Amino acid sequence: MGEAMGGDGHPPICDYEGSSYRTDFWVGQGREYEDGAERVALRRLLPPTGRRLLEIGAGFGRLADLYAGYERVILLDYSRSQLEYARSRLGDERFIYVAADLYRLPLAANAVDTAVMVRVLHHLTDVPLALGHIARALRPQGAFILEFANKRHLKNIARYLLRRGANPFTREPYEFTELHYDFHPAWVREQLNDAGLRPQRRLSVSLLRAGVLKRAVGADLLVAIDGAFQRITAPLTPGASVFVRSVAKRAGDPALVDEERLFCCPACGDTPLSRVAEGHRCVGCGAHWPIVNGVHVFK
Ligand SMILES: C[S@@+](CC[C@H](N)C(=O)[O-])C[C@H]1O[C@@H](n2cnc3c(N)ncnc32)[C@H](O)[C@@H]1O
């Protein structure tokens, strides 16, 4: 993974273009427990049906099979290569693939009724900017399901007590390696509220993320135990990962925009785009955004 500069003073991006994230991190890498526990949490928090769902930082589409109840699913990621892999697996029938930077989200207001973001917040240096874009793209009363890496999890507390780690109780994000952050649950709650997203329900996930447990107990049993504790441990959030469902507080017409008006220009704000051969053109600044290998490219 590299670092891409957003340009024009925009925040840096953890760039997965051309990375083998799927095989380096997931396939055959002993993370069936984490994958299973995240699926249990997402299923619990996700409105099961809807018209349009957006997954931000969707990568290679690991979680896309959970969106079967949605008519249209927008998989958005900064990396075109991740999306091209997703497309080769999922096809075009219900899915729309968008290569774009979350900090310049090319989606119109009221674009979707549900948004999901898993394992992405930990790469973000400007959380308010990112959440502001998500709140705008959601319809009033739409749902946002966010996963984030938990700074105040049990292992970090133990490390701190043994004087081997940073203080997990302070509110500010902790950068444990470049462009990788852990967040305090209370800090994330504040950020969501400030962005116009009211947290409603949260789950504490991946409490059992330890090599010794994974070797001793099968992934299926670990997932079942994790699932049984996600709700009751939520107030203390001892798990490595937290899932929160928020609702968009914005008042107004909850109707979604028509699909022809789904995109807006990331270069000049929320100007609508007109469809041209092989892409989109901004009626304001004239920028051309192509469609390459079935992916709408806005970067
Ligand atoms: C750790 S991967 C997670 C992928 C997927 N959500 C999952 O859980 O399997 C992080 C993803 O976030 C994407 N990403 C990071 N910064 C981004 C940004 N500013 N805009 C859009 N996507 C971004 C990366 O390209 C990468 O695919």
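Remember, it's 1-based here, ligands and their atoms both numbered in the order they're listed. These figures come from a predicted structure and were not determined experimentally.
Contacts of Asp101 with ligand 1, taken as heavy-atom pairs under 4.0 Å, involve both backbone and side chain. Contacts with ligand 1 closer than 4.0 Å are made by side-chain heavy atoms of Arg62 only, the backbone lying farther away. Contacts of Glu38 with ligand 1, taken as heavy-atom pairs under 4.0 Å, are absent altogether. Residue Ala130 does not touch ligand 1, judged by heavy-atom distances below 4.0 Å. Of all the heavy atoms of Leu102, the ones lying under 4.0 Å from any atom of ligand 1 are found in both the backbone and the side chain. Residue contacts with ligand 1 for Ala100 involve N, CA, C or O but no side-chain atom from C-beta outward (heavy atoms, distance under 4.0 Å). Contacts with ligand 1 closer than 4.0 Å are made by no heavy atom of Phe25, backbone or side chain.
Under the 3.5 Å distance criterion, with hydrogens and angles disregarded, no donor-acceptor pair is assigned to the side chains of His288 and His280. No side-chain donor-acceptor contact under 3.5 Å links Tyr78 and Glu17. Judged purely by distance below 3.5 Å, without hydrogens or angles, the side chains of Glu34 and Ser206 never pair a donor atom with an acceptor atom. A donor-acceptor pair shorter than 3.5 Å cannot be found between the side chains of Asn156 and Arg164. Remark: the Asp77 side chain and the Tyr16 side chain contain no N/O donor-acceptor pair separated by less than 3.5 Å.
Residues Arg51 and Arg72 fail the side-chain proximity criterion, which asks for heavy atoms closer than 4.5 Å. Using a 4.5 Å heavy-atom cutoff, the side chains of Tyr160 and Phe169 are in contact.
In this structure, the protein non-hydrogen atom closest to atom 25 (O) of ligand 1 is Asp77 OD1, 2.5 Å. Scanning all protein heavy atoms for the shortest distance to atom 10 (C) of ligand 1 gives Arg119 O, 3.4 Å. Cys14 O, 3.7 Å is the protein heavy atom nearest to atom 15 (C) of ligand 1. The shortest contact between atom 22 (N) of ligand 1 and any protein heavy atom is with Tyr78 N, 3.2 Å. Protein heavy atom nearest atom 16 (N) of ligand 1, with residue, atom name and distance: Ile13 CG2, 3.8 Å.
Using the six-membered ring where Trp is involved, Phe60 and Tyr85 have ring planes that are perpendicular, over 60° apart on the 30 and 60° scheme.
Other residues, nucleotides and ligands place no more than 12 heavy atoms under 6.0 Å from the CZ atom of Phe229.
Under a 4.0 Å criterion applied to the non-hydrogen atoms of Glu55, ligand 1 contributes the atoms 6 (N). Within the listing of ligand 1, atoms 5 (C) sit less than 4.0 angstrom from a heavy atom of Ala58.
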